[in-house]
Amino acid sequence: MYNFEFEKPGSIADAVAALGSEDAMPLGGGQTLIPAMKQRLNAPSKLVSLSGIAEMKGVCVRDDGALSIGGATPHAVVAAEAGAHYPALAGLASHIGDPAVRNRGTIGGSLANNDPAACYPSAALGSGATIVTNNREIAADDYFQGMFTTALEEGEIIVEVRFPIPEKANYQKFVQPASRFALTGVFVAKYADGVRVAVTGASEEGVFRWSEAEAALSSDFSASAVDGLSVSPDGMIGDIHGTPAYRASLIKTLTKRAVAAAA
Amino acid sequence: MPKDSGIGASPKRREDVRFLTGAGNYTDDINVAGQAYVHFLRSDVAHARIKGIDTSAAAGMPGVVKIFTGADFEGVGGLPCGWQVTDRHGEPMQEPPHPILAQGKVRHVGDPIAAVVADTYEQARDAAEAIEVDLEELPAIVDMKAALADGAPKLHDDLTSNLCYDWVLGETDDAVVQKAFDEADHVTTLELTNQRLVANPMEPRVAVGEYKRGTDEYTLYTTSQNPHVIRLLMCAFVLGLPEHKVRVVAPDVGGGFGTKIFHYAEEAFCTFAAKACNRPVKWTASRTEAFMSDAQGRDHVTKIELAMDKDNNFTALRTNTLANMGAYLSTFSSSVPTWLHGTLMAGNYKTPCIQVNVKAVFTSTVPVDAYRGAGRPEATFQIERVIDKAARERGVDPIKLRRQNFITEFPYDTPVALTYDTGDYNGTMDKLEAAADIAGFAARRAESEKNGKLRGLGINCYIEACGIAPSNIVGMLGARAGLYDAATVRVNATGSISVMVGAHSHGQGHETAFPQVVAEMIGIDESQVEIVHGDTSKIPFGMGTYGSRSLAVCGSAMVRATEKVINKAKKIAAHLMEASEADIELKDGMFSVAGTDKSVAWGDVTLTAYVPHNFPLEEIEPGLEETAFYDPANFTYPAGAYACEVEVDPETGKVTIERFAAADDFGNIINPMIVDGQVHGGIGQGIGQALLEGCVYDENGQLLSGSYMDYAMPRADDVPFYTVDHSSQTPCTHNPLGVKGCGEAGAIGSPPAVVNAVIDALQSGGKNVTHIDMPLSPGRVWAAMNG
Amino acid sequence: MPQVSMTVNGKATSGDVEGRTLLSAYLRDHLGMTGTHVGCDTSQCGACVVHVNGEAVKSCTMFAAEADGATVDTIEGQANADGSLNVIQQAFQDHHGLQCGFCTPGMVMSAAALLKENPKPTEQEVRDYLEGNLCRCTGYHNIVKAILAASGQDVGAIAAE
Ligand SMILES: Cc1cc2nc3c(=O)[nH]c(=O)nc-3n(C[C@H](O)[C@H](O)[C@H](O)COP(=O)(O)OP(=O)(O)OC[C@H]3O[C@@H](n4cnc5c(N)ncnc54)[C@H](O)[C@@H]3O)c2cc1C
Ligand code: FES
Ligand code: FES
């Protein structure tokens with residue numbers, strides 16, 4: 001990999017300042033960035049580690065009832081600490097990668113990367129989460145802008161993610177056999193004002209909401225409510241692990257399973 | 001009572017202590033003072049003409065020692081192929097040159113174009129990025145049928161076509177074969193692929209070359225299964241070096257599975273460059289590089305036809321296979337689809353008429369060569385899949401159909417050139433039926449169905465030809481090497497023993513199992529025997545470890561050398577006890593004179609051999625060290641029967657392996673614990689092939705499965721505990737230990753069991769699916785169900 | 001060049017590294033502790049697993065600079081004080097949980113992390129926990145068995161299973 005300068009600030013302010021220099025990049029857990037750098041796909045001049053910033057770590061419930069997770073919180077911490085408040089989210093975190101990956105990889109890194117097969121984007125979109133950066137709050141519906149693309153500006157870092165806690169929720173991940181990322185994953189969350197269904201792994205546009213299912217489930221939160229629906233394979237990913245038609249079929253199957261598991 | 005030492009015991013492995021404490025010595029752990037690092041600039045296109053390479057900018061970059069291109073190797077030989085196959089017309093195969101660095105053309109993604117040697121690895125890589133290569137892209141050649149079509153673009157300009165050879169075995173008269181099919185009561189036909197795999201030992205390949213100017217000596221440390229073979233090939237065919245000036249060391253090696261048999265460009269390069277740069281040169285493959293430079297495995301496309309009479313006796317078998325060689329002929333590539341595959345097409349069955357047709361094809365992909373099982377899994381998969389299909393078409397029980405057609409009398413001459421010396425296929429099947437609890441399957445299926453899952457049972461048999469191989473036979477068939485092995489038993493003055501063996505242990509546990517044999521023969525403690533392997537400066541010229549040959553061939557050499565040692569020791573003992581040599585008996589490490597109470601201990605005899613004050617010097621030499629070379633009289637024929645039970649999720653197509661049982665006949669067994677482990681590992685790889693693994697190129701010859709992100713390796717949660725039974729034992733009739741070899745069985749026997757089970761499950765769910773090509777990924781199973 | 005110091009297997013170490021120096025490279029190349037292996041470049045194989053501040057991490061996917069000041073434990077430090085194999089290592093040897101030994105350092109370190117978190121795991125929990133540790137030799141049978149045995153559970157039935 002190309003060499004770079006390493007910096008490990010102790011505060012958000014220092015991190016933002018450090019990221020001001022040209023071609024600087026934030027380093028979360030490195031579980032995506034380091035493999036990419038080994039392939040020489042990135043050439044940052046400086047990596048600013050976020051792992052030493054205490055104010056960006058941890059899980060707590062806010063006064064408004066939302067679950068707040070610091071942007072540099074590792075998956076393992078979410079898995080262990082979010083369970084009492086938002087079991088579906090903790091469950092999702094506990095199935096990201098393997099234990100060693102979960103000890104390093106962070107929610108901020110995952111959402112910033114927005115891999116089309118990643119798990120967290122479906123939870124954020126499916127929960128209508130708010131992505132809090134060093135200078136603004138972004139609604140999940142505005143944040144995800146296609147594969148590997150987000151509303152983040154250069155040098156902007158995710159410091160916190162706020163998840164409104166649903167009445168019921170569940171994440172169903174169907175793994176791609178090699179990478180064990182989601183071949184398709186569906187996050188279903190039922191709120192007082194309706195149901196949200198977010199799908200990852202399947203679409204060429206990245207994570208998306210399956211609005212027909214949301215409508216059907218909002219009036220009848222049962223697996224059979226989606227029986228009559230189908231997903232079009234158009235725009236779905238086709239690769240050596242699954243055709244667009246297969247992914248489209250999985251979306252429906254997993255949605256039903258998520259509803260059944262949540263109910 | 002299980003023994004606690006000697007043959008048949010399972011002592012704990014002595015090599016484990018170093019591996020469990022981080023004290024192993026793998027090639028990448030070796031660093032030589034002053035070493036430089038090489039990075040290979042590899043082609044990122046499948047097929048192109050090299051119009052120019054400009055290294056001038058790169059040469060001036062920091063740390064660069066020297067940059068090499070194909071031009072630097074013009075006077076040097078290419079990588080040789082060790083087996084010349086003769087085609088159906090008696091003509092030799094087409095054999096293109098395989099340069100160390102590309103000359104004129106690149107022929108697969110990963111083909112090395114240039115090599116940069118620099119002070120650090122990163123500097124070498126930086127400089128490689130600054131090399132400018134002018135490539136004129138040519139059409140990729142990926143599909144084998146298209147590669148053979150008239151007017152197809154040629155990969156090797158000097159060959160007449162992309163056909164390496166067109167080969168036939170068995171009944172060569174087409175009319176005779178056709179007649180058998182015409183007269184058949186039923187013919188079952190199946191078209192299938194045995195997909196390309198990547199061997200993926202967990203340790204990537206590494207080479208460190210060193211040259212000593214003062215003595216003109218080279219040392220190559222390399223991740224190899226057979227250091228002497230590498231030395232011979234590299235010295236005699238590639239670099240033209242005298243063997244006595246070259247030492248090849250294969251230290252601890254982190255798995256091989258075939259792909260570390262072959263002589264690779266990087267090995268020759270590091271040796272060559274060490275002299276050219278006057279510095280040790282080290283190369284460590286990244287996994288990404290391994291995916292595009294380790295020889296890959298399998299990749300056959302086959303049509304198989306099985307003819308049966310009205311009573312379901314097999315009457316004829318015909319196959320047509322296209323075998324992918326990749327871009328060049330790797331060391332043993334040409335022998336895999338022919339002599340390691342065609343010869344096994346009789347399987348465990350007495351089919352009287354067999355014809356095997358194989359066309360080997362060059363494509364612009366990574367070379368293909370032996371991978372665990374090598375040819376035999378491909379043969380087994382075809383036979384056992386077509387039998388399963390036939391059983392279904394005829395409405396007969398698949399076990400019964402197999403039993404009815406088993407070979408039951410030995411020795412048995414197959415119609416495809418082999419003589420099976422011994423076996424008991426019915427007895428092994430009995431063991432399987434018990435081990436797998438076949439009787440309980442119906443109840444387990446009912447339970448699965450209650451949970452909304454489809455359950456299937458798959459059975460198959462296998463036979464393999466191991467203990468590779470009788471040199472005179474393989475020589476007749478085109479091998480350019482002998483396939484004997486060698487061992488030197490060096491008894492030290494105080495009675496401990498070093499055994500220098502040609503076999504190489506890279507997971508097989510030779511350091512533990514081999515001493516069990518020697519210790520038992522002499523009657524001393526196993527701890528007194530040490531195995532030395534992996535260094536051409538220490539071991540006799542043996543051929544290494546592959547083809548389940550180590551114990552059957554090298555172990556036999558070790559037995560012969562130990563016998564020689566014992567015979568000489570008896571002479572010394574006779575002298576010491578003033579008795580006749582014929583009366584000397586050796587038991588539990590004591591020599592005694594029959595019928596007397598005179599005895600002398602092993603240690604006294606060995607000390608006498610080296611301190612020959614009282615010694616029959618006029619009759620024998622002092623010292624106690626013997627070497628034996630052993631060339632087997634025949635192959636060995638391990639055989640077995642496997643059973644797999646799967647559950648299929650009808651909504652997603654996901655297959656889970658619920659139970660897996662293996663019954664193998666390996667003949668005599670030296671260390672049951674190690675044998676179990678070998679079978680487990682083979683089954684793991686076989687399940688990997690059946691459900692997960694597949695090396696896929698797109699139509700441009702780009703590798704789509706170029707990392708673990710897309711090449712699915714079996715993980716702990718993909719497999720169950722296995723039930724392994726090797727109590728069916730018909731000892732090999734022609735080697736001194738009666739052993740057959742167990743290293744490949746699991747990988748050969750398991751894929752058809754898994755696929756047969758999935759088909760059974762789908763059929764039980766009313767789906768008319770008769771075949772799915774591996775890997776049976778959820779997407780493929782789902783598509784078959786919904787197709 | 002940044003200077004890093006860390007306590008490795010109880011001993012203070014320090015060295016000058018580049019920003020890009022991985023923890024695996026610091027251990028192998030700077031400290032000469034080659035027990036930690038590198039088997040891939042996509043963070044999947046787990047041959048490189050070590051513990052940083054008590055947690056399992058892939059040392060190939062962490063910069064040495066990130067471990068500055070940390071406590072690092074590797075395979076070289078696992079044996080008992082008298083040099084004998086610890087419970088997990090011993091179970092691997094007793095149950096033939098290794099063949100070529102290349103995956104073994106990572107397997108042992110992952111097993112140690114598992115048993116710390118979950119002293120009596122079920123078979124399924126062991127298999128799930130090993131998601132990030134590839135072994136090409138053993139088919140996992142004896143690795144899973146060894147870890148169950150190391151947790152003090154009776155594995156006598158498994159061989160016959
Ligand atoms: C073997 C393996 C298996 C995996 N399996 C899964 C899986 O099943 N599901 C899944 O979802 N993911 C999986 N991942 C990815 C993993 O979750 C990563 O941790 C995650 O995608 C990236 O998080 P990170 O903290 O490691 O980010 P890094 O790798 O450090 O960074 C990723 C990107 O985000 C940027 N970044 C990091 N933190 C921030 C921040 N706070 N604000 C703004 N930008 C930031 C970086 O600059 C970089 O561009 C896997 C990874 C591995 C290695
Ligand atoms: S080397 Fe670290 S995961 Fe493979
Ligand atoms: S023992 Fe060889 S990879 Fe696990």
Side-chain angles (χ1 to χ4, degrees), chain B residues 10 12-13 15-26 28-29 31 122 199-204 252-257 284 286-289 505-509 673-674 676-685 687 707-709 713-724 746, chain C residues 18 20 28-29 32-42 44-45 47 74-79 83 85 88-90 92-105 108 123-124 126-145 158-161:
Chain B
S10 292
K12 291 172 195 171
R13 292 202 330 169
E15 42 274 82
D16 290 357
V17 174
R18 68 177 187 273
F19 296 146
L20 282 162
T21 54
N25 183 35
Y26 298 87
D28 194 41
D29 302 341
N31 293 297
E122 296 290 353
N200 271 309
M202 291 321 302
E203 176 201 32
D252 288 330
V253 172
F257 314 114
T284 302
S286 66
R287 182 61 61 183
T288 302
E289 257 183 311
S505 185
H506 34 279
Q508 297 85 345
M673 175 190 82
I674 288 177
D676 283 354
Q678 290 293 305
V679 176
H680 295 156
I683 295 173
Q685 288 180 355
I687 291 174
S707 81
Y708 293 147
M709 293 296 281
M713 292 280 280
R715 290 179 170 86
D717 60 358
D718 289 316
V719 295
F721 282 127
Y722 320 110
T723 304
V724 173
Chain C
E18 293 183 309
R20 64 183 164 188
R28 289 181 56 83
D29 302 339
M33 295 173 60
T34 55
T36 299
H37 294 158
V38 174
C40 74
D41 48 4
T42 50
Q44 260 129 349
C45 76
T74 73
I75 188 69
E76 284 94 341
Q78 294 299 296
L85 299 180
I88 296 172
Q89 292 168 314
Q90 191 59 58
F92 269 71
Q93 187 185 32
D94 290 349
H95 297 283
H96 189 26
L98 64 154
Q99 292 183 22
C100 78
F102 197 79
C103 71
T104 308
V108 169
E123 177 200 339
Q124 194 56 47
V126 174
R127 292 186 184 277
D128 288 344
Y129 198 89
L130 296 181
E131 157 143 2
N133 290 86
L134 298 178
C135 173
R136 195 54 153 168
C137 295
T138 63
Y140 301 101
H141 184 108
N142 285 336
I143 292 177
V144 177
K145 192 173 166 185
I158 292 171
E161 160 56 26

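Every chain is numbered from 1 and lettered A, B, ... according to where its sequence line falls, protein lines coming before strand lines. For clarity, every value in this text was computed on a predicted model and none was experimentally measured.
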Please step through side chain to side chain contact (heavy atoms under 4.5 Å, CB included) for the pair C:Gln89 and B:Thr21, ending with a clear verdict. CA-CA 8 Å; C:Gln89 292 168 314; B:Thr21 54; 4.0 Å; yes
If you count heavy-atom pairs under 4.5 Å with chain C, which of B:Gln685, B:His506, B:Glu289 comes out on top? B:Gln685
Side chain, backbone, both or neither: which part of B:Gln508 has a non-hydrogen atom closer than 4.5 Å to chain C? neither
Side chain / backbone / both / neither for B:Ile674 at chain C, heavy atoms under 4.5 Å: both
Quick one: does any side-chain atom of C:Tyr140 pair with a main-chain N or O of B:Pro714 as donor and acceptor, under 3.5 Å? yes
Could you walk me through whether C:His96 and B:His680 pass side chain to side chain contact (heavy atoms under 4.5 Å, CB included), step by step? CA-CA 11 Å; C:His96 189 26; B:His680 295 156; over 6 Å; no
C:Ile75 and B:Gly22 have their tightest heavy-atom pair at CG2-CA, 3.6 Å
Check whether C:Leu98 gets within reach of chain B through its side chain, its backbone, both or neither, counting any heavy atom under 4.5 Å. both
Separation of B:Phe721 CZ from C:Glu123 CD (nearest 0.5 Å): 4.0 Å
Shorter than 4.5 Å, heavy atoms on both sides: which option in B:Leu20, B:Val679, B:Asp676 has the most such pairs with chain C? B:Leu20
If we define contacts as heavy-atom pairs under 4.5 Å, which of C:Gln90, C:His37, C:Gln93 has the most with chain B? C:Gln93
Test C:Cys135 against B:Met202 for side chain to side chain contact (heavy atoms under 4.5 Å, CB included), laying out the working first. CA-CA 7 Å; C:Cys135 173; B:Met202 291 321 302; 5.6 Å; no
On a heavy-atom basis, which atom in C:Cys100 and which in B:Gly255 lie closest, and how many Å separate them? CB-N, 3.3 Å
With chain B, which of C:Arg20, C:Met33, C:Gln78 has the greatest number of heavy-atom pairs at distances under 4.5 Å? C:Arg20
Would you check, one step at a time, whether the test side chain to side chain contact (heavy atoms under 4.5 Å, CB included) holds for C:Leu130 with B:Asp717? CA-CA 8 Å; C:Leu130 296 181; B:Asp717 60 358; over 6 Å; no
Scored by heavy-atom pairs under 4.5 Å with chain B, the best of C:Val38, C:Asn133, C:Val108, C:Asp94 is C:Asp94
Do B:Arg13's NZ or CZ and the ring of C:Phe92 fall within the cation-pi criteria of under 6.0 Å and 45°? no
Holding to side-chain hydrogen bond (donor to acceptor under 3.5 Å, both in side chains), I want the full list of residues that pass it with B:Tyr708, two or more places apart in sequence or in another chain. B:Asn200, B:Arg287
Heavy-atom pairs under 4.5 Å with chain C are the metric here; pick the option from B:Gly24, B:Gly507, B:Gly684 that has the most. B:Gly507
What distance do B:Arg715 atom CZ and C:Gln44 atom CD have between them, rounded to the nearest 0.5 Å? 6.5 Å
Relative to chain B, which segment of C:Glu131 carries a heavy atom at a distance below 4.5 Å: side chain, backbone, both, or neither? both
In terms of heavy-atom contacts, C:Phe102 and B:Tyr26 come closest through N-OH, 3.5 Å
Okay, B:Val253 and chain C: the region with an atom under 4.5 Å from a heavy atom over there is backbone
Is it the side chain or the backbone of C:Thr138 that comes within 4.5 Å of chain B heavy atoms, both, or neither? backbone
What residues, two or more places apart in sequence or in another chain, satisfy side-chain hydrogen bond (donor to acceptor under 3.5 Å, both in side chains) together with B:Thr284? B:Asp28
Any sub-3.5 Å donor-acceptor pair from C:Arg136's side-chain atoms to B:Ala199's backbone N or O? yes
I need the residue from C:Leu85, C:Leu134, C:Asn142, C:Thr36 with the largest number of non-hydrogen atom pairs under 4.5 Å to chain B. C:Leu134
Is C:Arg127 reaching over with its side chain to a backbone N or O of B:Val719, donor-acceptor style, under 3.5 angstrom? yes
Tell me, side chain or backbone of C:Val126 under 4.5 Å from chain B's heavy atoms, or both, or neither? neither
Closest non-hydrogen atoms of C:Cys137 and B:Phe257, given as atom of the first, atom of the second and distance, are SG-CZ, 3.7 Å
Between C:Gln99 and B:Gly677, is there a donor-acceptor pair closer than 3.5 Å when you use the side chain of the first and the backbone of the second? yes
